[in-house]
Amino acid sequence: MSDDHAAHAISAYGSRINHTPNIDRLATEGMRLDNCHCTNSICTPSRATILTGQYGHRNGVYTLADKLDGAMEPQLQKILKHADYETAMIGKWHLGHGDNHDPAGFDYWNVLPGQGLYYDPEMIELGSKKICFGYVTDIITEQCIKWLRQRDRDKPFMLMCHHKAPHRPWEPSKQYANLFEDTKIPEPETLYDDYSNRSNAAAAAAMRVNRDLAPTDVKQDPPEECTGDDLTAWMYQRYIKDYLRCVQSVDDSVGTLLDFLESESILDETIIIYTSDQGFFLGDHGWYDKRFIYEESIRMPFLIRYPDEIPPGTTSDRIVINNDFAPTLLDYAGLEVPEAMQGVSARAVMRGESPSDWRESFYYRYWMHAAHHNVYAHYGIRTHKHKLIYFYSEGLGLDGTGDEPKMPEWELFDLELDPLELRNVYTKPEYQDTVRDLTARLEQLQSSYGDESLH
Ligand code: CA
């Protein structure tokens, strides 16, 4: 797993801006999920959901400020460990530290504190801190290989290799520092978005490439004469190149790990997944970052290789959510999925089947009201054809001071006619049946998941 790696920066997903041969190998030799989504597009909550199979209102991890309680059940790795799997977590943890929040249920862990550093990062190995010299993506890869070499070969294992890259502030390795130097990276269609025909929330967000990136992100002052659209274009090139350079090292890591498993003759008997904790705006809508329920932010890349069961070169457009990851892995391990997990096994989907009772929509909720980047708290439902969103501000003022746009407000997008989500059709007469239907389905989902603190 990587951090903030959007599917549209992977060539197997049709990237127009980079090439990722090693990650692509998982698609060629396995399955690519085209409708895999996180249910709260932010690092810590997505990681908690992946381990627990639960929404934030169940596992207690709503925002970046929350920590996962190590004692809570269920957690994927604890169940596997109990079933005699050897378990390891290496790299970015980001679910808290200290007695109750260090990685629990892992035989071995070696993690970055908080966000961690790109160069010469401190790591915490089973509670002891030490500095590791070098580039973080290479270090995490090396630590994973080291652990795989010394693992207990009499046991099955689960290794979570969790990269920090390509998270902000996008510091590439020396190897790729000049990659794309003489290239103009294609701009996304919505880079110059003016946020018209939409909610106030989109315009209020402080994650604009041309305005909100810090000097540490672009690492150079823009030329003085550079203003307006020229400035947007300049900032985009500066930031996206470093982002993609960081991705290149992650792609190398995937190649190194695949080669190692092959050299150990366990490649085909190991289920290998590549994913990221959420998506990312790659200049889409003029933004970087994530948080919103909009497409580029909620889509997780998900590639899985397991030739015994998954036909090579296949894809699925079934809606899979990060709540499903733990149930799916437990199913592969032949273990029971706890009732308390709020996801289901997608093993049949991975086999290329379309189970008749598979979900046709999913529930999303972003809780971190107006904190960082001024994105308003919201919840919503996405189906294959539509997305209904409710933005609100009452009662969750984590940092809700300052000028607030008028809330609450609704958005409805017709994803078939408007895949870039540029026209809110919530009040259009021809969509009123859809609004009624989706509102009812949204309420049903909230009720079925036990999310009761509504607005
Ligand atoms: Ca992230």
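Numbers here are sequence positions counted from 1.
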Salt-bridge present ([X], [Y]; N to O < 4.0 Å):
X: D3; Y: K164; result: no
X: D437; Y: R441; result: yes
X: E122; Y: K130; result: no
X: R198; Y: E411; result: no
X: K385; Y: D414; result: no
X: K387; Y: E416; result: no

Gap between atom CG of D66 and atom OG1 of T63 - 0.5 Å precision: 4.0 Å

Let me see the working for K219 and E171 under salt bridge (charged side-chain N to carboxylate O under 4.0 Å, His left out), right down to the final yes or no. CA-CA 10 Å; K219 303 158 190 104; E171 292 173 22; over 6 Å; no

Tell me if a side-chain donor or acceptor on [X] pairs with a main-chain N or O of [Y] at a distance below 3.5 Å.
X: D251; Y: S249; result: no
X: T270; Y: I272; result: no
X: E421; Y: E295; result: yes

Could you tell me if the ring centre of [X] sits under 6.0 Å from that of [Y]?
X: H5; Y: F280; result: no
X: Y364; Y: H378; result: yes
X: Y379; Y: Y392; result: yes
X: Y363; Y: Y55; result: yes

Under the 6.0 Å and 45° cation-pi test, does K174 pair with Y135? no

What class does the angle between the rings of [X] and [Y] fall in, given that below 30° is parallel, 30 to 60° is tilted and above 60° is perpendicular?
X: Y288; Y: W170; value: perpendicular
X: F413; Y: Y294; value: perpendicular
X: Y431; Y: H386; value: perpendicular

Check step by step if side chain to side chain donor-acceptor pair (under 3.5 Å) holds for D193 and T190. CA-CA 5 Å; D193 195 347; T190 57; 5.3 Å; no

Could you tell me which residues satisfy side chain to side chain contact (heavy atoms under 4.5 Å, CB included) with H101, sequence neighbours excluded, listed by chain and number?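 Here the qualifying residues are K67.
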
List the residues meeting side chain to side chain contact (heavy atoms under 4.5 Å, CB included) with R208, not counting sequence neighbours, and say none if there are none. Y195, A203, N210, R211, D212, W287

Heavy-atom distance under 4.5 Å between the side chains of V209 and F281, does that happen here? no

Is L445 close to S447 at the side-chain level, that is, under 4.5 Å between some pair of heavy atoms?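 SC-SC contact between S447 and L445 ruled out.
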
Per side-chain contact (heavy atoms from CB on, under 4.5 Å), H373 is matched among K290, M368, M207 by M207

With M1, the side-chain contact (heavy atoms from CB on, under 4.5 Å) member among K92, M300, R47, M160: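 When K92, M300, R47, M160 are each tested with M1, the side-chain contact (heavy atoms from CB on, under 4.5 Å) holds only for R47.
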
Looking at Q432, I want to see if its CD is surrounded by more than 12 non-hydrogen atoms of other residues, nucleotides or ligands under 6.0 Å.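 Counting other residues, nucleotides and ligands, CD of Q432 exceeds 12 neighbours.
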
Quick one: side chains of residues 315-327, donor-acceptor pairs under 3.5 Å with protein atoms, not counting sequence neighbours, listed by atom name and distance.
residue	atom	partner	partner atom	Å
S316	OG	R318	N	3.1
R318	NH1	E360	OE2	3.3
N322	OD1	T39	N	3.2
N322	OD1	T39	OG1	3.1
N322	ND2	S46	OG	3.1
N323	OD1	T39	OG1	3.1
D324	OD1	V344	N	2.8
D324	OD1	R359	NH2	2.8
D324	OD2	I321	N	3.0
D324	OD2	R359	NH1	2.7
D324	OD2	R359	NH2	3.3

